[in-house]
Colleague: 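Can you read through this structure? Questions will come right after.
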Amino acid sequence: MTDPVSTHGLWADLYRPTFSPADSDFSIIGIPYDGAACARKGAALGPDRMRFWSTHLTPFSEDRTRLGDIRIADLGDIPISHQESDFELIRQKVAGLPNIPIILGGDHSVSIPVLQAQRERYKDQRLGLLWVDAHPDLCDEFTGSKLSHACTLRRALEFGYDPSEICMVGLRSWEDQEIDLIENGGLNVYTAVEVAERGMRSVASSVRSKLSDCDAVHISLDIDCLDPAFAPGTGIPDAGGLSTRDVITLFRELRGLPLIGMDLVEVAPPLDPSEATVFAALKIIMEYIAVHAREKQ
Ligand SMILES: [Mn+2]
């Protein structure tokens with residue numbers, strides 16, 4: 001899992017083999033699956049490359065928050081051979097965690113059981129969802145499947161997520177079957193254009209106030225939220241997207257919110273020989289961890 005030139009241990013030294021979920025802040029689980037991706041595949045290799053390069057990260061965020069007191073349990077991968085039955089295993093695993101899950105995709109379909117598990121863990125509570133993606137993934141069915149990566153948020157609505165407590169940031173690509181929900185579904189939509197024109201500070205502050213009454217907030221982040229200039233290594237790169245800086249600004253503004261987990265999906269290392277996409281994903285994960293570390297201090 002490490003290479004001879006590693007400068008740090010796995011997950012920037014925040015992981016120890018002896019850490020268990022019960023005595024750690026975060027559980028990392030990889031889901032190396034891209035069988036539901038409709039275009040270019042490669043996201044199945046995301047978890048492996050993210051772990052590999054995490055050994056070159058330092059245990060600091062960019063504002064010099066020390067992450068050294070954070071403990072990460074890495075529970076390895078859940079492989080998928082049969083989507084329906086193995087998604088049920090993911091749901092059970094995540095639902096039983098005593099700490100904060102960070103789930104590494106895989107294509108965005110792997111978030112379906114994660115969102116279901118989070119809904120279960122926080123049932124009867126106000127559960128907000130921050131959806132950061134180029135796409136709404138609100139299709140009822142796509143390429144003949146209800147478990148397509150284009151159906152993830154649609155399934156989440158069926159699990160009982162309240163549209164008024166869902167904030168969608170970075171959207172810029174639509175399927176016809178999604179338009180009615182986007183325009184009339186009561187979701188909080190902040191398109192990539194709006195971020196470009198208003199600035200992320202302003203958008204993030206709106207997101208923050210929308211989610212401020214929630215008891216728990218999950219983040220689902222598709223790396224294609226970023227402009228292909230920042231993250232070309234993804235199945236469907238869509239121009240006109242967010243900058244990595246925008247996402248870091250958004251996360252910084254989440255301070256004080258009850259963050260209870262994140263999935264980060266669609267990182268496809270074979271589609272980006274520079275591996276900048278993997279490093280962008282790692283930066284986002286470390287800044288997410290830093291939001292928690294600042295609360296803990
Ligand atoms: Mn997407």
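Starting from 1, each residue takes its place in the sequence as its number. Predicted model only: the values in this text are computed from it and were never measured. When a ligand or atom number is given, it counts from 1 through the structure's own listing order.
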Colleague: From the Mn ion (ligand 1) out to just under 2.8 Å, does an N/O/S atom of Asp238 turn up?
Modeller: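 False for Asp238.
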
Colleague: Kindly assign one of parallel, tilted or perpendicular to the pair His292 and Tyr288, based on the angle between their ring planes and the thresholds 30° and 60°.
Modeller: perpendicular

Colleague: Would you find a donor on one side and an acceptor on the other, under 3.5 Å apart, between the side chain of Glu165 and the backbone of Arg126?
Modeller: no

Colleague: Measuring from the Mn ion (ligand 1), name the closest N, O or S atom belonging to His135.
Modeller: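 Going through the N, O and S atoms of His135 one by one, ND1 ends up nearest to the Mn ion (ligand 1).
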
Colleague: Taking the cut-offs as 6.0 angstrom to the six-membered ring centre and 45 degrees off its axis, would you call Arg119 and Phe159 a cation-pi pair?
Modeller: no

Colleague: Among the N/O/S atoms of Asp133, select the one at the shortest distance from the Mn ion (ligand 1) and name it.
Modeller: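 Asp133's closest N, O or S atom to the Mn ion (ligand 1) is named OD1.
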
Colleague: Whether Arg49 engages the ring of Phe52 as a cation-pi pair (distance to the six-membered ring centre under 6.0 angstrom, angle to the ring normal within 45°) should be assessed.
Modeller: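 Yes, a cation-pi geometry.
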
Colleague: Does any N, O or S atom in Asp137 come within less than 2.8 Å of the Mn ion (ligand 1)?
Modeller: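 Under 2.8 Å: Asp137 has no N, O or S contact with the Mn ion (ligand 1).
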
Colleague: Check all N, O or S atoms of Asp222 and name the one closest to the Mn ion (ligand 1).
Modeller: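 The Mn ion (ligand 1) is closest to the Asp222 atom OD2, counting only N, O or S.
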
Colleague: Under 4.5 Å between any side-chain heavy atoms of His108 and His135, yes or no?
Modeller: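 No. Closest side-chain heavy atoms not under 4.5 Å.
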
